Structures are given as structure tokens and as C-alpha cells.
Q: 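If you scroll down you'll find the structure; I have some questions about it.
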Amino acid sequence: EDQVTQSPEALRLQEGESSSLNCSYTVSGLRGLFWYRQDPGKGPEFLFTLYSAGEEKEKERLKATLTKKESFLHITAPKPEDSATYLCAGGDSNYQLIWGAGTKLIIKP
Amino acid sequence: NAGVTQTPKFQVLKTGQSMTLQCAQDMNHNSMYWYRQDPGMGLRLIYYSASEGTTDKGEVPNGYNVSRLNKREFSLRLESAAPSQTSVYFCASSGVTGLGNYGYTFGSGTRLTVV
């Protein structure tokens, strides 16, 4: 069964304290690994798509990486405005997204 | 602003009542989706429409029906609401039949409580 698992469930960091969020996946015929950001009361907002192991993408303080079993979202020197829930999803062989439950990131000033 | 618009934003229903959640997109996307989001769980697909005139069941379709009214609009109907349907509902759209490079564009959600 296809599955996506995110860890930790919640992460509290001080402003400027770098860390990583994990997304483990078992999705046969993976058609892309997607990262989204979700703010309270809003719908998910697209961040990155990764297609092959070794691929990396960056946007401001965020960098997403992909291996054959996991994806990491690295956040460097975060600011309070980076506080949000980060969701990852794997595209399956039917072109549907299999979603993780998300990591709630809190950045304290 | 271009995007996905959902109405209403909030709704409280009594058990057994019916209602329709509306969704419209103005990006000329072919595919549209309805998801529910519950605490501690990933988004779960209820129904989707790969193109105008077609609809298919997702992971959790029981208790719901959908209508793809035209290319822009995709509605979700609860015929007899149950407390288990208390959730946040998201509509999404995609410009390609597959996933493309950008996944889906989401609306801001409808927060439904069934008492």
C-alpha cells in the first residue's frame, strides 16, 4: 500500500536555528514528490516538486532534497514568518497524490 | 485574483440535513478534486473529475456526491450529513490530466461542523 509519513509532527525552533523536516515514502511508480506549505485557515500552497533521487530545489530559506526513500525539507536560519504546517505528497501511478499528515513548524522570535 | 474559490467558508449542519459545497476555478484547468482534511491525518481524496463530463470516486466517497457542472465548477453534496463528516473540505484543480510540475492549486477551504 502506498504511504507517506512525515516527522516530526511538530517542531519548535528559535529564530535562526536551522533544522530539517522528514518525509518518508513508499509509493510505487513515484510520479513526483511534492512539498506544500499550509497556513492556518488556508489551503495548501505549492512549494517544490522533485522527480529523481539526488535532485535538490531551493526557495529562499527552504531547500528540498530527495532520495529513493525519503525527502527532506531543510530550513536555514528560519524567521517567524516561516511558521506553518509543511505537507509532502507523493504522486502515485494513477497520478493521484498520497499525502502525509504534515509537520507543524513554529519559529519563535 | 486567479485561483480556486470555495463557498461557503463556514457551515454548521444538524445531523440529517443536506448541503452543497461550491467550487469554481478560473485558470482553465481540466482536472478538479475534493479533499477532506482531519486532524492528524493527511488529505484524503473524496471525488475527482479528470475532465469536464467525468467524475470518479477517491479514497473516501461514501456519503458524498459530486457534479462537474462545467469546466469551471465542481460541487460536492452531502445528502444526509453525519457527525463523522465534520471536517475541513478543500477543492483543488490541476491544469494537466496528470500531476504536472506544480501539483494542485487549492481553495481556502470550507469548515463544516455537523451536530
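Computed from a predicted structure; not experimentally measured. Protein chains get the first letters and strands the later ones, always in sequence-line order, with residue 1 at the start of each.
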Q: Measure B:Q37 against the heavy atoms of chain A and call it side chain, backbone, both or neither at under 4.5 Å.
A: side chain
Q: Based on non-hydrogen pairs under 4.5 Å, which of A:G102, A:A89, A:G41 is most in contact with chain B?
A: A:G41
Q: For A:Y51, is it the side chain, the backbone, both or neither that has a heavy atom under 4.5 Å from a heavy atom of chain B?
A: side chain
Q: Please determine if B:D26 and B:R72 form a salt bridge, counting it only when a charged side-chain N lies under 4.0 Å from a carboxylate O.
A: no
Q: Whether the side chain of B:Q6 engages the backbone of B:K9 through a donor-acceptor N/O pair (distance < 3.5 Å, no angle test) should be reported.
A: no
Q: Given heavy-atom pairs under 4.5 angstrom as the criterion, report whether the side chain, backbone, both or neither of B:L43 touches chain A.
A: both
Q: Checking A:Q96 against chain B: side chain, backbone, both or neither under 4.5 Å from a heavy atom?
A: both
Q: With distance as the sole test, does A:D39 use its side chain to make a donor-acceptor pair with the main-chain N or O of A:K42 at under 3.5 Å?
A: no
Q: Would you compute the distance between atom CG of A:L50 and atom CG of A:L30 and round it to the nearest 0.5 angstrom?
A: 9.5 Å
Q: With rounding to the nearest 0.5 Å, note down the distance linking CZ in B:R77 to OH in B:Y64.
A: 14.0 Å
Q: Nearest 0.5 Å, please: how far is CZ in A:F48 from CG in A:L66?
A: 13.0 Å
Q: Between B:R111 and chain A, which part of the residue has a heavy atom less than 4.5 Å away: side chain, backbone, both or neither?
A: side chain
Q: Between A:T49, A:L97, A:N94, who has the most heavy-atom pairs with chain B when the cutoff is under 4.5 Å?
A: A:L97
